[in-house]
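These notes are about the structure you will find just below.
When reading the values below, keep in mind they use all heavy atoms of this one structure, side chains included, and skip hydrogens, waters and symmetry mates.
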Amino acid sequence: MSVEQAVKTNYLNALKQAIDEEMAADSEMICIGEDIANLGGAFGVTEGLVDKYGKWRVQDMPIAEECIVGTAVGAALTGRRVMAEMQFIDFISCGFDQIVNNLATFHYRTAGEVPMPVVLRGPAGGYGGGALYHSQMNEGWFCHSPGLKVVCPSTSYDAKGLLKAALRDPNPVIFYEIKELYRRKDLEEELPTTDYIVPLGKATVRRSGEHITLVSYGQNMYHCYQVADMLAKDGYSAEVIDIRTLVPLDEQTIMDSIKKTSRVVVVNEAPRTCGFAGEVLARVCENAFEYLDAPPARCTRLDTPVPWVKPLESFVLPSVEKIYNTCIRTLKY
Amino acid sequence: MSVEQAVKTNYLNALKQAIDEEMAADSEMICIGEDIANLGGAFGVTEGLVDKYGKWRVQDMPIAEECIVGTAVGAALTGRRVMAEMQFIDFISCGFDQIVNNLATFHYRTAGEVPMPVVLRGPAGGYGGGALYHSQMNEGWFCHSPGLKVVCPSTSYDAKGLLKAALRDPNPVIFYEIKELYRRKDLEEELPTTDYIVPLGKATVRRSGEHITLVSYGQNMYHCYQVADMLAKDGYSAEVIDIRTLVPLDEQTIMDSIKKTSRVVVVNEAPRTCGFAGEVLARVCENAFEYLDAPPARCTRLDTPVPWVKPLESFVLPSVEKIYNTCIRTLKY
Amino acid sequence: MSIGKKLTETKKLPRHSLTREDYLEIFKQLFLARYFDIRLIKEKKRGRLRGTLYSSHNQEAVLVGTLYALNPEDWISPIHRDMPAFFLKDLKSGWNNPERKGISIEQIICQVFGKVDAPGRARDNWSHIGSREKKIIHSTSMLAGTIPVAAGVALSEKMRGSDTVVVTYNGEGSTARGDFHEAINYAAVKKLPMITVIENNMWAYGTHVSEVCNTPDVADRAKGFDIPGIVADGQDVFDVYDKMSQLVEYARQGNGPSILECKTYRAYGHGDHDDNRADKYRPSEDVNSGRSRDPLAVCREYLVNENILGKDDANLYMADNKSASQASDEDFPEEVINYLKQGVDFAINSGLPEAEEGGMWVFKE
Amino acid sequence: MSIGKKLTETKKLPRHSLTREDYLEIFKQLFLARYFDIRLIKEKKRGRLRGTLYSSHNQEAVLVGTLYALNPEDWISPIHRDMPAFFLKDLKSGWNNPERKGISIEQIICQVFGKVDAPGRARDNWSHIGSREKKIIHSTSMLAGTIPVAAGVALSEKMRGSDTVVVTYNGEGSTARGDFHEAINYAAVKKLPMITVIENNMWAYGTHVSEVCNTPDVADRAKGFDIPGIVADGQDVFDVYDKMSQLVEYARQGNGPSILECKTYRAYGHGDHDDNRADKYRPSEDVNSGRSRDPLAVCREYLVNENILGKDDANLYMADNKSASQASDEDFPEEVINYLKQGVDFAINSGLPEAEEGGMWVFKE
Ligand SMILES: Cc1ncc(C[n+]2csc(CCOP(=O)(O)OP(=O)(O)O)c2C)c(N)n1
Ligand SMILES: Cc1ncc(C[n+]2csc(CCOP(=O)(O)OP(=O)(O)O)c2C)c(N)n1
Ligand SMILES: [Mg+2]
Ligand SMILES: [Mg+2]
């Protein structure tokens, strides 16, 4: 064939490439987690890596999340970069103490002596019928635990670029991969053939608009695009922002948009109370109150776990319809 | 002596009375925790109880927080009410998974079959030089975990009344005791000699005012009173609300006040991002936006751990001065 | 460790007395557990099963043998690989006896189909159900997480003076978790009537037991707590039953907790999504030898050797060593097939919960 | 368990060879550790010490004996009861040698006084410090929480081909925690060079070891991982040293982790706030027998018996069995007193950190 075929990469393989490239670049970096070597990961994110880097650098760990995180802390203390996988992000609760009290605070406690270049990543999110323990977005806990960066990509390009940036960051990063996006066909895209990163702490405006700002991340981005389309039909143009990095938050991009639109709806699928959507509302009050023509609003999960069967799951999670209604309410205020 | 002496009770003994009375009233209720029996608790909240109720009903547990919480869940499953102590609330991170994924969700998962009358309580809070692991207010994690009630008393009367209500509640309650208040002389008060509770989910207006609403709980209440005094000197009258129960939140009392004052400052000592203060701001936006004459504001800990020595600790925690400044900024908006 | 040793020597002790009816019931229950699995695979193909199936194929003797050794009032906590345990519990009290302390087949099929008549009204999936009334602890997904809960149940029962025993089921991989250690340590100190059954099927998802456990037997973890830890042949329902019976007796008499490791093998993938991949990450000799002693065959052989069943009667149903696609209804007793049908028929007609239920029961009012 | 057994029989093996200087240095280090404690109590009375003091009085032989068996490049992780470990580490390389792989007395006194020249600039209290350069792991308050971290350090060192050993210190009470189990299990499987020292001082705050551990020895927890678990007489610095040396050797040679239990006794309260209460919750016979073998006396007796020191020389300093209020400076070698003075003098003149530092170093830029 004379015409070169463009190679398209899905979200999952973008992540795999990121890990692979960073492992290749730094012979001290290690990957640890349950079933990441022999199996290649429950979803295959680490598939093939053990063959390239060996059983020590890509290591199957016992089912012991506190130990996985603690091991990452110890390896980082000796100067290594570490990728540690949680088989599902839901199980991060089992390693919670080591994360919030040890990993997150190490650099602070040591007055800058010891950085913690550790990425804890894993599949997250609802809408897949995974029920209470395979659907969580629990980033709120970690946004509330100083010392952790929190990241959630929504595109294949970002998945690779943010993960590479996270792996290079000297700080611990909790990295939320949206498992429902792993193999989504429409997210396959041609990625740069040369090294690139997407810097942490930078949001991006996915669509420009005038009348309302939609702020979200992860899977909810795709609901927001649909809502923007629906609003367009109603004659409203929506600006859609993908936060990408929750901590540290790029307030500038959000506030700039609100200064233009004067209206904002924040969408995420975590529980409502003390979730990240509420935090954005608080920051909007603090930074752009005088620009608001309507109360900043949020569309989140109800304050419930994620139940199993579809009607229940749909009832509690944000949907295109619920977001749309929230936008209309905000626009008509 | 012919004149009866009024017996005054401090915050700590108020808690002890609550547990004692509930233990006396329900022979199935148990208390578990580290060093709560033979020692009587690190701070003495359970002192003497083992002599009254025996080694089984008041039980020293191994240092194993996941097990303590899991044991509470199991005992509750068999119909018992359980008080489980965390020696310091900071160590609750070590029992985190059992709390958020098991205890919190049991009633939900079982569609109402199994209630969880469990109170997890322990000493909390900063300002005492306890440093990173003996100063935490980590209620934000649990406010963000549906199925848990979250309570924090600021007076001796409330300490007893709320704890009794919590122990009688069929739902799990995370109960934050402010250790700096345990033995504060000025909190000693005469308590009712007859049985009483302070219902969960009801805030209370501690001071009436016109110009600004201060919303807080726990130790920060006392900072707020001082600020209210200072504001009074400036000619502003502040309404001061003690939330007492964070989940479920008594929005009505807060919104009623804001409708009157049009200005609100929320104060708490937890980290800022995704903390409870931000949540109150979000709810104010949702419920009282049109009444606001200034952006709702918060005064919280910085997004840092609680460092040790005084200058550092003071730098990161809310203080009278910082709250006052926030109020003035809000009043002058 | 004298107790542990005494207990491990029991292989030489005479079998606990079982009536002929018991033997036949046990044999039938093995078929029932096997057929449940096979039937669910078929139902999944029909699109009725909701979610992942974690097959207990080849591991049935562990469930039947341990459960048969319990009283109705004993508690159990099954996890993902123990789906049949929910209806096998107290099954000898009558398969359709509504009073029995086990969950009905109707409710279990509702659960796997995601229908509202499931024990938890289809709010959580697969094995995450239970029943206070039937004395089955509701698990979360977090492996080993039911053991502390079981300790709490055991504590409560012990304090009430009952002689009830609490049994948790766990894969060998789960024994690496902190919860396992914390709860067994606690139970050991307080002498709680708790038995930790370890279904050592050699694999935890893609990871071999040797990668996560350093002792020759997983049961050796018991030594760290000075409690009995004994190993049963998990393919031999009677060996499991005998050893379990002794640990149950030991617990009932107030001696405290113990560990029963049942050596078995995971016949297929971790879940049905993994069936194809499992052949890649597991050596084929390992798979072949692991599958070579079908618990149905082992049981049949015993019944024939002990003259409990004649050869012809014993060989009436030959589901042994057949995968779901190889097995047909002729390979199973009619009673078994009808029982499953009864569950499936009921579940097909059960509805979905109302959407609003998603917002209910966060708190008890 | 053959290795474990072999190692437990070593009491009969000849002592590791120590020079006369070693013996005397060890004796002096015991005085140093004791004096540190006594001095801090005095400094607390003067209002200089900030926070709680967790006394290691009567437990000094555990620290001196284990640390003397290490190389400079080995890692340690002391916790609350191990405050002297920070400066005892690699002390034989010279008390004032800036190159030695231990923290200087100046920095340690700054830490307990809450001064800015402490290793962590007074951001966290008491023992929550460390040093990457000096190979001391920074702990949190969460008991047993350093063991997984130590496993990570050990993994990293092993992968680099170094023969460095990583040692964690833990109270017997902490062995109930999940982190203990998870990390040792992992280290056992991967044969990581990690030694878990258990300072069994019989009490965890107000709770006796028998209430939280079911095995005769806490070291028996090792059996659950099939690693060596041996018991040393924690009052006898040479017994501790010998047994530690063997486990260190075992680890250096790539054989993996082990547990060393040192039987000792907490002389006073859990912390100094608990000194008065401790007499109420501990039976007096227990306290008396626990305090009856002062490690200073045991060491002295050995040195005399083995003709390493003459009786008069050995009896020059008699701090044995004296509480802080009973002991005076005459009871300690001048060198020891001066060393502490050097630290205190420095720390008195060290300042407080600037308030703004409270907001710094949350992230690395
Ligand atoms: C705490 C926790 N971590 C990880 C998982 C993901 N997970 C589910 S099953 C499984 C393997 C379990 O292996 P084993 O315990 O041997 O049970 P088996 O599946 O072999 O019956 C893993 C890692 C989980 N459910 N819980
Ligand atoms: C995870 C955790 N739970 C509880 C505590 C509170 N606590 C501090 S020290 C202590 C007792 C420790 O006993 P032990 O391990 O025997 O050490 P010792 O103090 O006797 O040296 C407890 C319960 C803690 N620090 N960490
Ligand atoms: Mg397994
Ligand atoms: Mg101790």
Over all atoms of both residues, closest heavy-atom pair of A:Asp303 and B:Pro146: O-CB, 3.2 Å
Residue part contacting chain B, namely of A:Asn138, when any heavy atom lies under 4.5 Å: neither
Under 4.5 Å from any heavy atom of chain B - which part of A:Gln98: neither
Under 4.5 Å from any heavy atom of chain B - which part of A:Phe142: neither
Residues in residues 258-265 of chain B near chain A [non-hydrogen atoms, under 4.5 Å]: none
Contacts of residues 103-112 of chain B with chain A (heavy atom under 4.5 Å): B:Thr105, B:Tyr108, B:Arg109
Inter-chain contacts: residues 279-289 of chain A against chain B, heavy atoms under 4.5 Å: A:Glu279, A:Leu281, A:Ala282, A:Arg283, A:Cys285, A:Glu286, A:Phe289
Exercise: identify the closest heavy-atom pair between A:Ser93 and B:Asn101: OG-ND2, 2.9 Å
Residues in residues 326-333 of chain B near chain A [non-hydrogen atoms, under 4.5 Å]: B:Tyr333
Test item: B:His144 side-chain N/O and A:Thr273 main-chain N/O as donor-acceptor pair under 3.5 Å: yes
Exceeds 12 heavy-atom contacts within 6.0 angstrom, atom NZ of B:Lys322: yes
Under 4.5 Å from a heavy atom of chain A, the part of B:Glu290 involved: both
Among the listed options A:Ala297, A:Ala131, A:Ala294, A:Ala270, the residue most often paired with chain B at heavy-atom distances under 4.5 Å: A:Ala294
Any B:Phe91 side-chain heavy atom under 4.5 Å of A:Asp97 side chain: no
